[in-house]
Amino acid sequence: MPRSCGSERTNAILRRLLAYARTRLGWEAGLDAVNDARRQPQIPTPVIVRALTVMFLARLGSLNALGQTRPRRFWARWLEAGLPSADTLGRVAGQVEVDGLRRVHQQVYARLKRGKALPPPAHGLIAGVVDGHESHATFRRHCPAGLRRTIHTAAGERTQYYHRHVTFQLVGADWTLVLDAEAQRPGEGEVAAALRLLERALALYPRAFEVVLADGLYADPRVFNYLYPRGKDVLAVLKDNHPALLEDARSLFENTPPVGGRNGTRLCQCWDLVGFTTWPQVQAPIRVVRSLETWTVRRQLDGQVEAQHAEWLWVTTLALARAPTGAVVQLGHARWAIENEGFNELATRWHADHVYRHEPSALLVFTLLAMLCLNVFLAFYRRDLKPAARAAASRLHVARQVAGELYASPSAAAPRAPPGRKRRPLLVPVP
Ligand SMILES: [Zn+2]
């Protein structure tokens, strides 16, 4: 058997990724079941949805960049049709049903779960992380669903328009999945949008997570009182927006000796107390955990080792028996996963914040598609590539190979003029 050369193998990475998604995640069937709101579509919805997924997998960053790959023969295989124009892709994307995309997310989750690809962390608790994300802000373009705020500039007050959505992400042992998003509507706060998102997360993923993690904004009675009776614990950062609870906790901690521990490379001194009554709006047992952390970094400038310190406080409904102090500290820091493998990766590497089409529905469709492609890509990278291949190629490198394969796909043969007819010259000479 001839040895396949390196370039041959790297050339096949997009095909391999799509084959993994088809056979292991049932992805193609899911994508092809998505509908859109057009009455008499000329181009079938799967063509649009499939084209957009490859735009994200190859991280092309814009519909125009996607449009420029139109001559590639890859499209005939993947779409069984020609690639639609950038304008058509954007227009139809705005009509794609978001619940259809959510069903594909649910299906990818279910297949990974069934395949035992989603193990819990050592402490046994899989977390659902909610967090708000501002996708873009502008002084010029705005739409009815956009949020607005007044910005004080040197030239006076100006109205800025922006969009924010709240995302829901699962965090397990060595994996994360960004599964859903909900847009914040004009006139409402982020927590109101998060409650709609959580209601759907409980319906679509009832047994997928044990505890909801969130930042200080979500240390809100509405969140605690919604989740706790539904069997989900909450863990939120405790900040000075709860002065009474914070003061109560600090004074109690003063008279309690800390417990030493370690979280990764950090040394922790922890305080952990239950039974707080200084937050009467919450109908759940309240526990506060404080972690004073110390670690060292080597300064790049002169190579000196420098000690770093941080203080963290969390408020949670988690019972001690379910989550010992160390587990609470680990969960508290797991929230960073949504920054590092959620928003940051989506925004900086996947161009998820690019405004592909400025319409409320299109913004959500593109966000859900970007999240779906991130999940499929990460599942492929972590569960299908061999450890040696992962060690040799970072995620970014593999992503560049995906784009490279698309660009290197041969150009489809130029259509021939029917026999008996003269081919029209492309440029008409000026007389
Ligand atoms: Zn807008």
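Each ligand, and each atom within it, is numbered from 1 in the order the structure gives. Quantities reported herein were computed from a predicted structural model and do not represent experimental measurements.
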Practice task
Measure from NZ or CZ of Arg22 to the centre of the six-membered ring of Trp27, then state whether that distance is under 6.0 Å and the direction lies within 45° of the axis.
Solution key: no

Problem - Contact list for residues 204-218, test side chain to side chain donor-acceptor pair (under 3.5 Å), sequence neighbours left out - result: Glu190-Tyr218

Fill in the blank from the handout: The expected count of protein N/O/S atoms at less than 2.8 Å from the Zn ion (ligand 1) is 3

Problem - Glu182 (side chain) donor-acceptor with Ala194 (main chain) under 3.5 angstrom - result: no

Problem - Any pair counted as side chain to side chain donor-acceptor pair (under 3.5 Å), so long as it reaches residues 52-69, sequence neighbours left out - result: Thr69-Trp75

Atom pairs and distances, donor-acceptor, side-chain atoms in residues 358-366, under 3.5 Å, two or more places apart:
unit_1 : atom_1 : unit_2 : atom_2 : d
His358 : NE2    : His163 : NE2    : 3.3
Glu359 : OE2    : Arg357 : NE     : 3.0
Ser361 : OG     : Gly94  : O      : 2.8

Handout entry: No-hydrogen, no-angle side-chain donor-acceptor test under 3.5 Å, Asp233 and Thr317
Key = yes

